[in-house]
J.: 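Sharing a structure, written as structure tokens. Questions coming.
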There are 2 protein chains.
Amino acid sequence: MTKTNDKPLLQPEELACFSLYSAANAMVRAYRPVLDTLDLTYPQYLAMLVLWNGDALNVKTLGERLHMDSGTTTPLLKRMEAKGLVLRERCKQDERSCIVRLTQSGKALKQQAFQIPEAMGEKIAISQEEGATLKHLCDKLHDGLVAHSD
Amino acid sequence: MTKTNDKPLLQPEELACFSLYSAANAMVRAYRPVLDTLDLTYPQYLAMLVLWNGDALNVKTLGERLHMDSGTTTPLLKRMEAKGLVLRERCKQDERSCIVRLTQSGKALKQQAFQIPEAMGEKIAISQEEGATLKHLCDKLHDGLVAHSD
DNA sequence: CGCAAGTTAATAGCGCTCAATTAATAACCA
DNA sequence: TGGTTATTAATTGAGCGCTATTAACTTGCG
């Protein structure tokens, strides 16, 4: 008698997807104490990086940059607005669109942000080259999954 | 006059951590429609992989295997218990410890699980070798971050 | 023009992740 | 033995991420 239950399934530790998942969680966890000094979470930090870089942009564009949809971005931006970092206002030309811009204190926070990459660098145990390889493979995996989802 | 605000900060798209973060989210998202056929979420699937592999184990051990703490595992296991997949009971020898074991229907679900790796394989756009490299780098990053957090 | 189709945010609800705290139990040791 | 310390789960509260739905608005087409 053949028992299908005896067939093996790979364990989490043997799966690349679990390693990816665990590494991403550990990375966000490692950012936390560093970002606490700016009172930002990791996704909020990503949004600030985009906003510090240039002018105001709408919610849709920001969401595309961060690979998030409106169910994630809207509450994220509301929490950032509640902290006084950003303003959200409807676009005059197209009332469907919501424009996000930094407040003065949001802009001012940039000064403190330069220390973040530095502090994180000390925690990262892989080389620059390994980091580049990791980035490349993550991007390739991501893009393939996104393309496949249409 | 030097304006620190003009100094550049890397954008999310340039950061390996963002690629890691986005790839992990995309991976969980890609698993969703596949795992929906078993009525499991991705973390629940990971827990089932461990449980299908062997005997009952306690919450702490399972949490260690999945790199989760009790604030994550306890509600996860309760939801799995509510679905009739597992039983949770206190260990007789050590009442602090909570033992998790599969129910019959939890064991039976294993039959359907063999299709998951297959279905996911079709969505993954990277080679086996790239996957192995990705896994290795994620593990190294993870282990380094965990070691650094002590 | 007027209505259908598309676009953009917002909302609701569920599950996950984490830090911090608490309670119960066990182990240790003076 | 009795009291301290350590271990194990559970709990709480906040934030994130997703799907599905809805509402407001714009565009395009007959």
Side-chain angles (χ1 to χ4, degrees), chain A residues 18 21-36 39-47 57-64 66-83 85-86 88-100 142 145-146 149, chain B residues 18 21-36 39-47 57-64 66-83 85 88-100 145-146 149:
Chain A
F18 175 67
Y21 172 76
S22 297
N25 285 339
M27 184 273 297
V28 171
R29 213 181 303 140
Y31 259 102
R32 191 182 311 267
V34 175
L35 288 174
D36 274 351
D39 190 27
L40 290 176
T41 65
Y42 181 69
Q44 288 168 11
Y45 172 62
L46 294 177
L57 57 167
N58 63 21
V59 170
K60 175 160 182 64
T61 306
L62 183 60
E64 284 170 354
L66 304 184
H67 304 150
M68 294 170 180
D69 79 347
S70 76
T72 302
T73 52
T74 297
L76 183 73
L77 291 167
K78 280 187 173 183
R79 284 184 289 267
M80 292 170 70
E81 186 175 38
K83 287 197 268 200
L85 296 174
V86 301
R88 299 181 315 130
E89 50 194 12
R90 290 288 167 179
C91 173
K92 293 290 185 295
Q93 285 73 43
D94 185 343
E95 289 278 343
R96 290 171 304 184
S97 181
C98 180
I99 305 296
V100 183
H142 174 272
L145 290 172
V146 168
S149 71
Chain B
F18 174 67
Y21 173 77
S22 296
N25 284 338
M27 184 274 295
V28 171
R29 211 181 304 142
Y31 260 102
R32 190 181 310 268
V34 175
L35 289 174
D36 274 350
D39 190 28
L40 290 177
T41 64
Y42 181 68
Q44 288 170 11
Y45 172 63
L46 294 177
L57 54 165
N58 64 21
V59 171
K60 176 162 180 64
T61 307
L62 183 61
E64 284 170 355
L66 304 184
H67 305 150
M68 293 170 181
D69 78 348
S70 75
T72 302
T73 52
T74 296
L76 184 75
L77 291 167
K78 281 187 173 181
R79 284 184 289 268
M80 292 170 70
E81 187 175 39
K83 287 198 268 202
L85 296 174
R88 299 181 314 131
E89 51 194 12
R90 290 288 165 180
C91 174
K92 293 288 184 296
Q93 285 72 42
D94 185 344
E95 290 279 343
R96 292 170 304 180
S97 181
C98 180
I99 306 296
V100 183
L145 290 173
V146 168
S149 71

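The chains referred to below are lettered A, B, ... by the order of the sequence lines, with proteins before strands, and numbering in each begins at 1.
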J.: Select one nucleotide: of C:dC18, D:dG15, D:dA9, the one nearest the side-chain heavy atoms of B:Lys60.
T.: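 Nearest nucleotide to the side chain: D:dA9.
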J.: So, taking the atom named CG in B:Leu62 and the one named CG in B:Leu76, what distance separates them when rounded to the nearest 0.5 Å?
T.: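 One finds 8.0 Å between CG of B:Leu62 and CG of B:Leu76.
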J.: Which parts of residues 93-100 of chain B get close to DNA chain C, meaning a heavy atom less than 4.0 angstrom away?
T.: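 Only B:Gln93, B:Asp94, B:Glu95, B:Arg96 qualify.
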J.: Does a donor on one side chain and an acceptor on the other come within less than 3.5 Å for B:Ser22 and A:His142?
T.: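 Per modelled atom types, B:Ser22 and A:His142 side chains form no pair under 3.5 Å.
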J.: Could you give the CE-to-P distance, from B:Met68 to C:dA19, as a whole number of Å?
T.: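 So the two atoms are 14 Å apart, to the nearest Å.
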J.: I want to confirm an ordering. Mapping A:Pro75 and A:Arg32 to their closest nucleotides on DNA chain C, which one lands closer to the 5' end?
T.: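 Taking each residue's closest nucleotide, the earlier one in sequence belongs to A:Pro75.
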J.: Does A:Thr41 put a side-chain nitrogen or oxygen below 4.0 Å from OP1 or OP2 of D:dC16?
T.: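 True: A:Thr41 side-chain N/O within range (under 4.0 Å) of D:dC16 OP1/OP2.
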J.: Closer than 4.0 Å, any side-chain N/O of A:Arg79 to the OP1 or OP2 of D:dG15?
T.: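 Negative; the distance criterion is not met.
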J.: Counting only side-chain N and O atoms of B:Thr74, is one of them less than 4.0 Å from OP1 or OP2 of D:dA10?
T.: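 So the side chain of B:Thr74 is within the cut-off, an N or O lying under 4.0 Å from OP1 or OP2 of D:dA10.
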J.: Mind calculating the distance between CD (A:Glu89) and P (D:dA24) to the nearest angstrom?
T.: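 Going from CD in A:Glu89 over to P in D:dA24 covers 20 Å.
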J.: Closer to the 5' end of DNA chain D via nearest nucleotide, is it B:Gly71 or B:Glu64?
T.: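 Here B:Glu64 is the residue nearer the 5' end.
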J.: Taking only residues two or more places apart in sequence, or in another chain, which ones meet A:Arg88 in a side chain to side chain donor-acceptor pair (under 3.5 Å)?
T.: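 Side chain to side chain donor-acceptor pair (under 3.5 Å) check on A:Arg88 returns A:Glu81.
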J.: List in chain and number order the residues that pass side-chain contact (heavy atoms from CB on, under 4.5 Å) with A:Asn58, two or more places apart in sequence or in another chain; answer none if no residue qualifies.
T.: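 Only A:Lys60, A:Thr61, A:Ser97, A:Ile99 meet the side-chain contact (heavy atoms from CB on, under 4.5 Å) criterion with A:Asn58.
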J.: Going by the rule side chain to side chain donor-acceptor pair (under 3.5 Å), which residues pair with A:Asp94 if we only count those two or more places apart in sequence or in a different chain?
T.: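 With neighbours one apart ignored, the set is A:Arg96.
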J.: Closer than 4.0 Å, any side-chain N/O of A:Lys78 to the OP1 or OP2 of C:dT11?
T.: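 Yes, because at least one side-chain N or O of A:Lys78 sits under 4.0 Å from OP1 or OP2 of C:dT11.
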J.: How close or far is atom P of C:dA26 from atom CZ of B:Arg90, stated in whole angstroms?
T.: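 Rounding to the nearest Å, CZ of B:Arg90 and P of C:dA26 are 10 Å apart.
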J.: Whole angstrom is fine here: how far is it from CG in B:Leu57 over to P in D:dT8?
T.: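 Going from CG in B:Leu57 over to P in D:dT8 covers 13 Å.
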J.: Name the residue closer to the 5' end of DNA chain C, choosing between B:His67 and A:Thr61 according to the nucleotide with the nearest heavy atom.
T.: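 Residue closer to the 5' terminus by nearest nucleotide: A:Thr61.
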J.: Rounded to whole angstroms, how far apart are CG on B:Asn58 and P on C:dT25?
T.: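 Distance, rounded to whole Å: 17 Å.
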J.: Who pairs with A:Asp69 by side chain to side chain donor-acceptor pair (under 3.5 Å), at least two apart in sequence or on another chain?
T.: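 None.
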J.: Taking CZ from B:Arg88 and P from D:dT8, how many angstroms apart are they, rounded to a whole number?
T.: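 After rounding, the gap between these two atoms is 17 Å.
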J.: Rounded to the nearest angstrom, tell me the gap between atom CG in A:Asp39 and atom C1' in D:dG15.
T.: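 Value for this atom pair: 12 Å.
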J.: Apply side-chain contact (heavy atoms from CB on, under 4.5 Å) to A:Arg29 and list each qualifying residue two or more places apart in sequence or on a separate chain.
T.: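 Testing A:Arg29 for side-chain contact (heavy atoms from CB on, under 4.5 Å), a comparison that skips the adjacent residues, returns A:Asn25, A:Ala26.
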J.: Can you tell me how far P of D:dG15 sits from CG of A:Leu77, to the nearest Å?
T.: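 To the nearest whole Å, that distance equals 14 Å.
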